[in-house]
S.K.: 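Here you go, one structure.
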2 protein chains.
Amino acid sequence: MKAGTDLAQIASLVGDPARANMLAALMGGTALTASELAMEAGVTLPTASAHLARLSDGGLLRMTRQGRHRYYALADHQVAAMLESIMGVAAALGPQKVLPGPRDTAMREARICYDHLAGEAGVAMFDAFAERGFIAIDGDDVNLTDKGAGFFSDFGLDIEAMRGKRRPVCRSCLDWSVRRSHLAGSLGAGVLDRFIALKWARREKNSRVIRFTPPGRAAFERMLRADEGRTGA
Amino acid sequence: MKAGTDLAQIASLVGDPARANMLAALMGGTALTASELAMEAGVTLPTASAHLARLSDGGLLRMTRQGRHRYYALADHQVAAMLESIMGVAAALGPQKVLPGPRDTAMREARICYDHLAGEAGVAMFDAFAERGFIAIDGDDVNLTDKGAGFFSDFGLDIEAMRGKRRPVCRSCLDWSVRRSHLAGSLGAGVLDRFIALKWARREKNSRVIRFTPPGRAAFERMLRADEGRTGA
DNA sequence: TTCATAGTTCGATGCTAGCCAAAGTATGCA
DNA sequence: TGCATACTTTGGCTAGCATCGAACTATGAA
């Protein structure tokens, strides 16, 4: 009875098309202004403003003011994970959608999930890091190993800084398209940042799609495969 | 844009208090009749009937007719997992609720999640099975080992029958109270069934709470600890 | 057949909530 | 100070939908 009320409260926030479009846009991980979100949802500014107020009050969004702009972002990765799980259900029982176009295929291959890499590439990377002993998986907990700390430091990440933060370094996040885990947490975010900084990949404009450059793809594959040959899964 | 529409469609189904209460009741795993669900949601039969039709059309429920009864149940474990994740968000940012009463404490300790054991006991069991080498965890995939197959057969489960079904034998499911994985899949369901058959535990009336009997608790602990002493986590 | 139970369908009602236009507030810039 | 941009608030309109009572269908039992 009480459980249902809580459930409905959160779900009804997501259950409006305008708000859902805003949330989906924010799954891209970058904070957006009220106007941008209004555009994204296809409503006028006043309407968007009201929706954003409700989402913020409900605890799904976090807002930071910057001059006369107000930037909205998802409150935390738990909210992002929830949205992914709903999308998962929608994708699973929504064969009523048109056949997957090129955009969908690209999303399946590699996309940004909040702030880290998801899709086939994300899952492959997660598996490879586990295989190479960089991360240790214990149930739903994922931990960075000493070997991994060395590797990612060499790769250009500031592991010590990550450890100082409140946010967990490693976290697994369920992938809706592949239905397996990929790497989230500050490490997951850092790795993707680095990919983009190194120009291995870039974000497609106004979409969650991540596109690898040809040399980036090769470097990425090398990173997964390591120097030793091993049997594929 | 399209993503948001799908998202909203599913979420709005959950976003009505009456429907949410029905879904929460069905998280207990047992199929319920339309009348029972109407009672649970606090609405009249016609209203409940309309809601159930929408949930079924939306793909969240599965209905089976039995004489003049119609039994409704969650469509699959993916739907159950989605509901758990929404409850997780609600629990995390809902400190507006009254302080956790005895019912809540019991829910945290051991409860039924769709058809398998969740809560602290569920997470402890998952970890112990992994520790004892009965299940092998590979990313989000969980697989039964030969050693595990032997153990669970001795425990009274028909492993061969489970393997024949469409449903995966092992699956991990994220626990909203402990935020770690517990064991789902037909094995998870089978183990809980066995606990109840052996009178190690019983379901509390009209609730998701699982109560261990004193001897059952002892037997359960013994099952986790195995015969060898080991360092606790 | 007749009655009872379980559930759906129909019609009417009332409330909620989304929507926009216009006016109001706040910040930045010249 | 004055103007522009970014966003919120207010007010009024509308549509959708949750709700219930009453009538209808279907299964089971006497």
Side-chain angles (χ1 to χ4, degrees), chain A residues 1-26 30-74, chain B residues 1 4-26 30-74:
Chain A
M1 169 84 91
K2 185 62 166 50
T5 309
D6 294 349
L7 198 58
Q9 215 152 11
I10 300 298
S12 68
L13 286 175
V14 186
D16 172 81
R19 285 194 295 267
N21 277 312
M22 292 175 172
L23 291 169
L26 290 172
T30 50
L32 298 172
T33 65
S35 325
E36 288 170 323
L37 288 166
M39 180 82 80
E40 197 72 41
V43 294
T44 61
L45 242 183
T47 305
S49 182
H51 284 307
L52 290 169
R54 291 192 55 178
L55 287 170
S56 299
D57 288 349
L60 297 189
L61 295 187
R62 174 169 49 77
M63 189 260 286
T64 57
R65 342 174 49 126
Q66 224 167 87
R68 52 185 167 179
H69 291 278
R70 299 194 172 190
Y71 282 94
Y72 290 89
L74 298 184
Chain B
M1 171 82 92
T5 309
D6 294 348
L7 199 58
Q9 216 152 10
I10 300 298
S12 69
L13 285 175
V14 186
D16 172 81
R19 286 194 295 266
N21 277 311
M22 292 174 173
L23 292 169
L26 290 172
T30 49
L32 298 172
T33 64
S35 324
E36 287 169 324
L37 288 167
M39 181 81 82
E40 197 71 40
V43 294
T44 60
L45 243 182
T47 304
S49 183
H51 284 307
L52 290 169
R54 290 192 57 177
L55 287 171
S56 299
D57 287 350
L60 297 189
L61 295 186
R62 171 169 52 75
M63 189 260 286
T64 56
R65 344 177 46 131
Q66 222 166 90
R68 52 184 168 179
H69 290 278
R70 299 191 172 194
Y71 283 93
Y72 290 88
L74 298 185

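Chain A is the first sequence line, chain B the second, and so forth, proteins listed ahead of strands; every chain is numbered from 1. Just so we're clear, the structure is a prediction, and the values are computed from it rather than from any experiment.
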S.K.: Could you state the CE-C1' distance from Met63(A) to dT8(D), rounded to the nearest angstrom?
M.R.: 11 Å
S.K.: Just to confirm, is there a sub-4.0 Å distance from OP1 or OP2 of dA17(C) to any side-chain nitrogen or oxygen of His51(A)?
M.R.: no
S.K.: Nearest to the side chain of Pro46(A) - dC19(C), dT8(C), dA22(C)?
M.R.: dA22(C)
S.K.: Among dT19(D), dA6(D), dG7(C), which nucleotide sits nearest the side chain of Thr33(B)?
M.R.: dG7(C)
S.K.: Check the distance between dT8(C)'s P and Arg65(B)'s CZ and give it to me in whole angstrom.
M.R.: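 It is 9 Å, rounded to the nearest whole Å.
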S.K.: Please give, in whole Å, the distance from dC17(D) C1' to Arg54(B) CZ?
M.R.: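 Taking CZ of Arg54(B) and C1' of dC17(D), I get 7 Å after rounding.
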S.K.: So, do Leu7(A) and Asn21(B) sit near enough that their side-chain heavy atoms are less than 4.5 Å apart?
M.R.: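 A side-chain contact is absent here, since even the closest heavy-atom pair is not under 4.5 Å.
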S.K.: Take atom NE2 of His69(B) and atom P of dG7(C), then tell me their distance rounded to the nearest Å.
M.R.: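 For the pair His69(B) NE2 and dG7(C) P, the rounded distance is 6 Å.
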S.K.: Mind checking whether His51(B) and Asp16(B) have side chains closer than 4.5 Å, heavy atoms only?
M.R.: yes
S.K.: Rounded to the nearest angstrom, tell me the gap between atom CG in Leu52(B) and atom C1' in dT8(C).
M.R.: 11 Å
S.K.: Hey, does Ala50(B) reach any base, or is it just sugar-phosphate, or nothing, if we go heavy atoms under 4.0 Å?
M.R.: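 Nothing, no heavy atom under 4.0 Å.
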S.K.: Tell me whether the OP1 or OP2 atom of dT8(D) has a side-chain N or O from Ser49(A) closer than 4.0 Å.
M.R.: yes
S.K.: With a 4.0 Å cut-off on heavy atoms, is Tyr72(B) in touch with a base, just the backbone sugar-phosphate, or nothing at all?
M.R.: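 Since only primed, P, OP1 and OP2 atoms lie under 4.0 Å of Tyr72(B), the category is sugar-phosphate.
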S.K.: Atom CG of Leu23(B) and atom CG of Leu61(B): how far apart are they, to the nearest 0.5 Å?
M.R.: 6.0 Å
S.K.: Measure from CG on Asp16(B) to P on dA17(C) and round the result to the nearest Å.
M.R.: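 Result: 11 Å.
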S.K.: Which listed nucleotide (dT8(C), dA6(C), dC19(C)) is nearest to the side chain of Ser35(B)?
M.R.: dA6(C)
S.K.: Looking at side-chain heavy atoms only, is the closest gap between Tyr72(A) and Leu32(A) below 4.5 Å?
M.R.: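 No, their side chains stay 4.5 Å or more apart.
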S.K.: I need the CZ-P distance between Arg19(A) and dG18(C), as an integer number of Å.
M.R.: 5 Å
S.K.: Rounded off to whole Å, could you give me the CG-to-P distance for the Leu45(A) and dA22(C) pair?
M.R.: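 Distance, rounded to whole Å: 15 Å.
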S.K.: Considering heavy-atom distances to DNA chain D, does Arg70(A) or Val43(B) have its closest nucleotide positioned more toward the 5' end?
M.R.: Arg70(A)
S.K.: Sub-3.5 Å donor-acceptor pair from the side chain of Ser56(A) to the main-chain atoms of Leu52(A), do we have one?
M.R.: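 Present.
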S.K.: Any side-chain N or O of Thr44(A) below 4.0 angstrom from OP1/OP2 of dC20(C)?
M.R.: yes
